[in-house]
Amino acid sequence: MAMIQVKEFLDTESSHAVKKVNDFLATLREDQVINVCYGSYTKTGAHGAQHQRTAILVVYRTDG
């Protein structure tokens, strides 16, 4: 029985998160992918330094 799954990719460097997602998507067939959601924001640290945070969610169907 197929199941709907969500896999979350978090990183402080968007290029690293994107690479991880692309590597994961390469393991799936196109018909398994339901949606890919991307979000990015900047967080200010204690000393005023800004850090980019990235979150990518992949919603996909397993072959179960």
task = Please round to the nearest 0.5 Å and tell me the distance separating atom CD1 of I34 and atom CZ of R61.
result = 4.0 Å
request  = Applying side chain to side chain donor-acceptor pair (under 3.5 Å), name anything that partners D31, two or more places apart in sequence or on another chain.
outcome  = R29
key: Co-membership, hydrophobic cluster, residues V6 and Y38, 4.5 Å side-chain   = no
note = Distance col, row N35:CG vs I4:CD1, nearest 0.5 angstrom, shows 11.0 Å
query = Which atoms form the tightest heavy-atom contact between L10 and A55, and what is the distance?
reply = CD2-CB, 3.5 Å
query = Nearest 0.5 Å, what's the OH-OG1 distance between Y41 and T54?
reply = 9.0 Å
query = So how far is it from T42 OG1 to Q52 CD, rounded to the nearest 0.5 Å?
reply = 6.0 Å
key: Plane angle bin for F9 and F24 - parallel if under 30°, tilted between 30 and 60°, otherwise perpendicular   = tilted
request  = Examine V21 and L28 and state if one hydrophobic cluster contains both, with Ile, Leu, Val, Met, Phe, Trp and Tyr joined whenever side-chain heavy atoms are less than 4.5 Å apart.
outcome  = yes
